[in-house]
Amino acid sequence: MKFTADLAIDWMTKANQKIQDNKDYLSSLDQAIGDGDHGINMARGFDAVMNKLGNNDYEQVADVWKESAMTLMSKVGGASGPLFGTALLKMSMAVKGEAEVDDKTFVEALEDALAGIKQRGKAEEGEKTMIDVWAPVVEKMNEAQTVEAGVLRDTAESAMEATKDIVATKGRAAYLKERSKGHLDPGSVSSYYLFAALAETLEGEG
Amino acid sequence: MKFTADLAIDWMTKANQKIQDNKDYLSSLDQAIGDGDHGINMARGFDAVMNKLGNNDYEQVADVWKESAMTLMSKVGGASGPLFGTALLKMSMAVKGEAEVDDKTFVEALEDALAGIKQRGKAEEGEKTMIDVWAPVVEKMNEAQTVEAGVLRDTAESAMEATKDIVATKGRAAYLKERSKGHLDPGSVSSYYLFAALAETLEGEG
Amino acid sequence: MKKIINDPNQVVTEMLDGVVAAYPDQIKRIPDTTVVTKKDAPVQNKVGIVSGGGSGHEPAHAGYIGKGMLDAAVAGEVFTSPTPDQVFEAIKAVDGGSGVLLVIKNYSGDVMNFEMAAEMAEAEGIDVAQVIVKDDVAIEERDGRRGVAGTIFVHKIAGAKAEAGASLEEVKAAAEKVIANVRSMGVALTPCIMPASGKPGFELDDDEMEIGIGIHGEPGTERKPLGSADDIAAELMDHILADMELAESDDVAVMVNGMGATPEMELQLVNRKVQAILQEKGINTHKTFVGEYMTSLEMAGCSVTLLKLDADMKELLDSPTTAPAF
Amino acid sequence: MKKIINDPNQVVTEMLDGVVAAYPDQIKRIPDTTVVTKKDAPVQNKVGIVSGGGSGHEPAHAGYIGKGMLDAAVAGEVFTSPTPDQVFEAIKAVDGGSGVLLVIKNYSGDVMNFEMAAEMAEAEGIDVAQVIVKDDVAIEERDGRRGVAGTIFVHKIAGAKAEAGASLEEVKAAAEKVIANVRSMGVALTPCIMPASGKPGFELDDDEMEIGIGIHGEPGTERKPLGSADDIAAELMDHILADMELAESDDVAVMVNGMGATPEMELQLVNRKVQAILQEKGINTHKTFVGEYMTSLEMAGCSVTLLKLDADMKELLDSPTTAPAF
Ligand SMILES: Nc1ncnc2c1ncn2[C@@H]1O[C@H](COP(=O)(O)OP(=O)(O)O)[C@@H](O)[C@H]1O
Ligand SMILES: Nc1ncnc2c1ncn2[C@@H]1O[C@H](COP(=O)(O)OP(=O)(O)O)[C@@H](O)[C@H]1O
Ligand SMILES: [Mg+2]
Ligand SMILES: [Mg+2]
Ligand SMILES: [Mg+2]
Ligand SMILES: [Mg+2]
């Protein structure tokens with residue numbers, strides 16, 4: 001894999017598309033076990049990312065991710081803003097200075113992102129948060145030491161679906177305790193969109 | 001006619017019955033062109049009158065009317081309370097000291113009541129208020145110098161119905177101007193009940 | 001009817017209990033009445049100020065009791081003016097020898113009941129003066145206008161004047177000056193429901209509003225599609241400004257009053273436009289009040305009030321009061 | 001969705017314009033931000049107090065800006081916590097050299113965004129402390145509890161402490177003492193509707209209420225038939241008192257807070273019962289607040305808050321503030 005700034009932009013573009021297309025769906029998931037704004041938040045944030053990326057030139061992957069991170073951080077708000085922002089910021093730091101990112105570095109970047117989310121959210125796997133998608137994805141990539149589109153998408157998808165069975169202990173859904181069961185975690189669904197978009201970007205390249 | 005304290009009580013009892021039976025109807029009339037409380041107000045007031053009259057003995061017509069007047073005045077509120085209160089108070093003053101009230105005195109009492117209403121309400125005939133029932137009734141009784149049940153009821157009824165065509169210039173309905181047309185005046189309808197109750201009392205006697 | 005109440009026929013007396021329980025150091029109730037007064041009433045040698053009216057307009061009127069504002073408030077049944085005997089009790093309770101001013105909102109019932117109380121008081125040798133607030137420009141003829149949120153400014157300024165030791169005549173004159181210079185108009189998005197009847201006072205479609213609504217749900221001047229905050233503010237201001245003589249550099253007080261169910265966020269949006277209109281005309285806002293001052297149970301909607309101020313009125317408006325709702 | 005608004009996506013910025021237009025002598029906005037601060041910020045050598053959160057809780061938080069209370073409020077989108085850059089702007093704007101206290105309501109988003117801002121500020125050499133309000137006893141586990149209306153007492157008491165010249169550490173300790181002693185619980189009768197989505201946050205039948213509701217419409221602990229004012233007050237008090245150690249003769253402050261659409265009449269009915277319960281237990285109410293302090297857009301319902309007071313806290317609670325909403 002040779003992940004370039006252009007691919008990084010392509011990834012964000014495809015992620016934005018999915019978020020915008022599923023804005024109402026994401027909000028409705030959040031309405032069931034949260035406060036109903038997740039789609040609105042993500043759509044506002046990614047809209048701003050697109051605006052930013054469209055108006056500038058980027059040499060390095062790190063620059064694209066850093067710009068995206070800062071934009072999400074300052075536009076999304078809520079719980080998901082700092083988390084997605086932190087994730088991309090950690091990734092940008094991991095690949096700093098590299099014009100083309102290889103599989104190994106990409107996997108390291110994902111590991112850093114996951115660590116960042118956990119630290120910022122003071123959360124672990126199994127609490128019905130986006131970590132429940134990020135952790136299995138990172139684990140799979142780490143085992144293989146390669147970022148493969150199909151594996152990425154499948155892992156993210158089944159992990160996202162598995163959040164349905166979890167009883168929330170972090171985030172707004174935790175207020176519902178047992179009643180949070182049976183509902184997908186909104187942040188996990190948007191995380192899935194992010195990884196599905198990455199898979200498409202990689203496939204387009206392959 | 002020999003109108004006694006017992007008949008005065010019978011009148012109030014029959015009036016109360018009609019008011020309670022038509023409480024919702026009166027409020028709905030008031031809702032259309034006022035604030036919707038006329039039935040509630042009148043029902044509360046007459047309920048209190050019944051309570052008062054039931055717990056005391058009365059020698060004179062004047063005492064019954066005075067007690068009723070003071071009770072309405074302190075329990076009805078709104079526009080109708082002071083007006084019905086004033087009317088009965090003026091009537092009680094006109095018959096003070098007489099154990100049995102004859103037709104002539106009764107008519108004088110009604111005249112005083114009408115004058116009291118006009119003065120208190122700063123209103124005249126033709127403004128779509130209860131005066132539009134009281135005035136024709138008093139006029140008819142005055143012409144005949146006798147209080148006759150059938151005439152009383154018919155005059156009050158047709159006067160009450162005629163308020164439908166008047167454009168209000170006093171009371172809450174005046175805010176509606178032309179739009180007040182086509183609606184009965186609530187206070188005129190309760191005034192009609194008062195006179196219809198009086199007619200029944202007189203008939204029961206005759 | 002979705003309300004947090006107990007017995008619908010006991011709401012007024014229980015509400016008064018609640019108010020007294022909330023401010024027991026400031027407000028007391030005259031036993032067996034619906035009258036609440038200042039704890040230290042009567043204040044000797046100060047003109048007493050009494051207001052009141054039907055209930056359902058909370059915090060009006062009990063919330064305006066305090067040093068520098070009302071001495072007593074008389075609560076009628078919901079939307080029904082209080083009876084003369086109750087108003088008379090209030091007058092007696094607050095007369096400190098310098099007489100009592102009655103602040104009456106211009107409704108037939110209020111005027112009659114307060115007038116009868118004034119007659120009773122005068123018969124007992126108490127000096128009573130009265131003023132009638134008629135600030136609602138939704139009604140064309142000045143004398144037929146309803147008293148609405150502008151009443152609060154009358155309370156405040158007359159109350160401050162009385163606190164300053166003015167005579168009954170002077171306090172009345174101060175109140176009359178406010179009445180001459182205050183204009184309001186309101187809009188409703190949803191009706192209010194009287195507890196005793198359980199029925200909405202009127203019906204509005206999901207996309208409709210009623211311009212010129214009264215604070216008892218009396219029909220307004222126009223029913224039309226719900227407009228934007230800017231449009232609504234502009235329309236209310238049009239009517240108000242058309243009825244006032246305001247020149248550049250004049251000073252006004254502004255009140256954006258919630259009718260009961262409208263969130264403050266929306267009131268602030270209306271305020272934003274109101275202030276923009278004033279600024280454009282070069283009119284100076286001396287002070288702004290945004291909140292619920294004169295409500296209509298759970299009606300959604302708001303009213304805008306402008307009061308043209310001179311130096312005296314500014315001072316009286318700005319002087320301190322302990323009234324919990326001001 | 002029946003709201004008095006303009007563009008649903010502009011409500012926050014327009015609302016802030018409205019607030020600044022309402023109190024231009026007291027409050028200003030930092031250009032190109034959603035931060036409003038005291039007009040005279042930063043106050044040299046005074047600890048700055050910053051609070052904020054999602055919008056839709058008006059008058060929280062901008063209405064609590066004033067001498068003796070907040071120095072700045074940061075407004076997020078409706079029900080969405082503000083972003084770190086905005087909070088950072090607020091911190092910079094109010095730091096007068098003695099450091100800044102962040103008052104955070106306990107939601108993942110608020111905590112994360114404020115923490116990141118604190119890190120940014122510390123990197124620039126500004127002393128920052130933070131407290132997390134968790135007063136909602138509808139959540140069993142203390143650390144998972146939401147921050148609701150009790151937050152206002154934290155603002156007031158920390159603000160008064162800062163005004164008195166206390167150090168950042170002392171101000172933080174005062175805030176922590178409030179947090180340790182304050183408990184709230186709410187009920188909803190109708191949902192609220194986010195302007196951007198136009199959809200109600202939840203559904204309730206015509207005869208249902210939701211006990212333990214959150215201020216963003218988060219589901220509560222129990223959904224059941226609408227009870228009387230007395231029943232509702234008693235139920236909320238049961239939960240609150242079960243979680244506090246209150247003995248006879250203890251002093252409390254009481255807040256009966258409207259969620260947005262509930263008329264003050266109903267709040268006073270709830271207050272009546274709350275005070276009756278306290279009186280029965282021999283607990284002394286030092287001060288009562290009835291009104292809209294921490295709302296949820298146009299949700300109908302209310303919350304009850306008790307704060308156990310000691311002598312210090314009483315003095316700080318009673319000290320004056322110029323904040324328009326307190
Ligand atoms: N402490 C946490 N750690 C990790 N993820 C979290 C945490 N709290 C919330 N989340 C994620 O954030 C999502 C909610 O985001 P969003 O609705 O935008 O924010 P908010 O909950 O503030 O309204 C949840 O679905 C969950 O995936
Ligand atoms: N100025 C007036 N003079 C005579 N009658 C009046 C006047 N104003 C109102 N009324 C009568 O009072 C009735 C309304 O009474 P009610 O609904 O009990 O009081 P309110 O209008 O204060 O709610 C009207 O239908 C009308 O007949
Ligand atoms: Mg959310
Ligand atoms: Mg009426
Ligand atoms: Mg009435
Ligand atoms: Mg949110």
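Proteins come first, then strands; the chains are lettered A, B, ... in the order of their sequence lines, and each starts at number 1.
- Only the side chain of C:Val78 comes within contact range of chain D, judged by heavy atoms closer than 4.5 Å.
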| query | Can you check side-chain hydrogen bond (donor to acceptor under 3.5 Å, both in side chains) on D:Gln10 and D:Asn6, steps first, answer last? | reply | CA-CA 7 Å; D:Gln10 299 300 318; D:Asn6 298 303; over 6 Å; no
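- When heavy atoms are compared at a cutoff of 4.5 Å, D:Leu278 does not approach chain C at all.
- Heavy-atom contacts from other residues, nucleotides or ligands closer than 6.0 Å to CD of C:Glu222 number more than 12.
- With rounding to the nearest 0.5 Å, the separation of CG in D:Leu226 from CD1 in C:Ile4 is 7.5 Å.
- With chain C as partner, the option from D:Met1, D:Lys287, D:Gln275, D:Glu58 having the largest number of non-hydrogen pairs under 4.5 angstrom is D:Glu58.
- In this structure, chain C has a heavy atom under 4.5 Å from the side chain of D:Glu292, while its backbone stays farther away.
- Remark: aromatic rings of D:Phe79 and D:His57 are close, center separation under 6.0 Å.
- With a 4.5 angstrom heavy-atom cutoff, D:Glu298 touches chain C via backbone and side-chain atoms both.
- Contacts of D:Ile5 with chain C are made by both backbone and side-chain atoms, with heavy-atom separations under 4.5 Å.
- Scanning residues 12-25 of chain D against chain C with a 4.5 Å non-hydrogen threshold yields D:Glu14, D:Met15, D:Asp17, D:Gly18, D:Val19, D:Ala21, D:Ala22, D:Tyr23, sorted by number.
- Under the 4.0 Å criterion applied to side-chain N and carboxylate O atoms, C:Glu203 and C:Arg223 are not assigned as salt-bridge partners.
- The candidate with the highest count of non-hydrogen atom pairs below 4.5 Å against chain C, out of D:Asp206, D:Ile232, D:Val270, is D:Asp206.
- Taking 4.0 Å as the cut-off between side-chain N and carboxylate O, D:Lys273 and D:Glu235 do not count as a salt-bridged pair.
- For C:Leu189, the parts lying near chain D are the backbone and the side chain together; criterion is any non-hydrogen pair under 4.5 Å.
- Summarising the geometry, atom NE2 belonging to C:His216 is positioned 9.5 Å from atom CE belonging to C:Met299; distances are rounded to the nearest 0.5 Å.
- Counted by atom type alone, D:His61 and D:His155 present zero donor-acceptor pairs between their side chains at under 3.5 Å.
- The residue among D:Thr295, D:Val290, D:Asp230 with the most heavy atom pairs within less than 4.5 Å of chain C is D:Asp230.
- Contact annotation: the side chain of D:Ser51 never approaches that of D:Tyr64 to less than 4.5 Å [non-hydrogen atoms, C-beta and beyond].
- One side chain, C:Ser319 or C:Lys156, offers a donor N or O that lies under 3.5 Å from an acceptor on the other.
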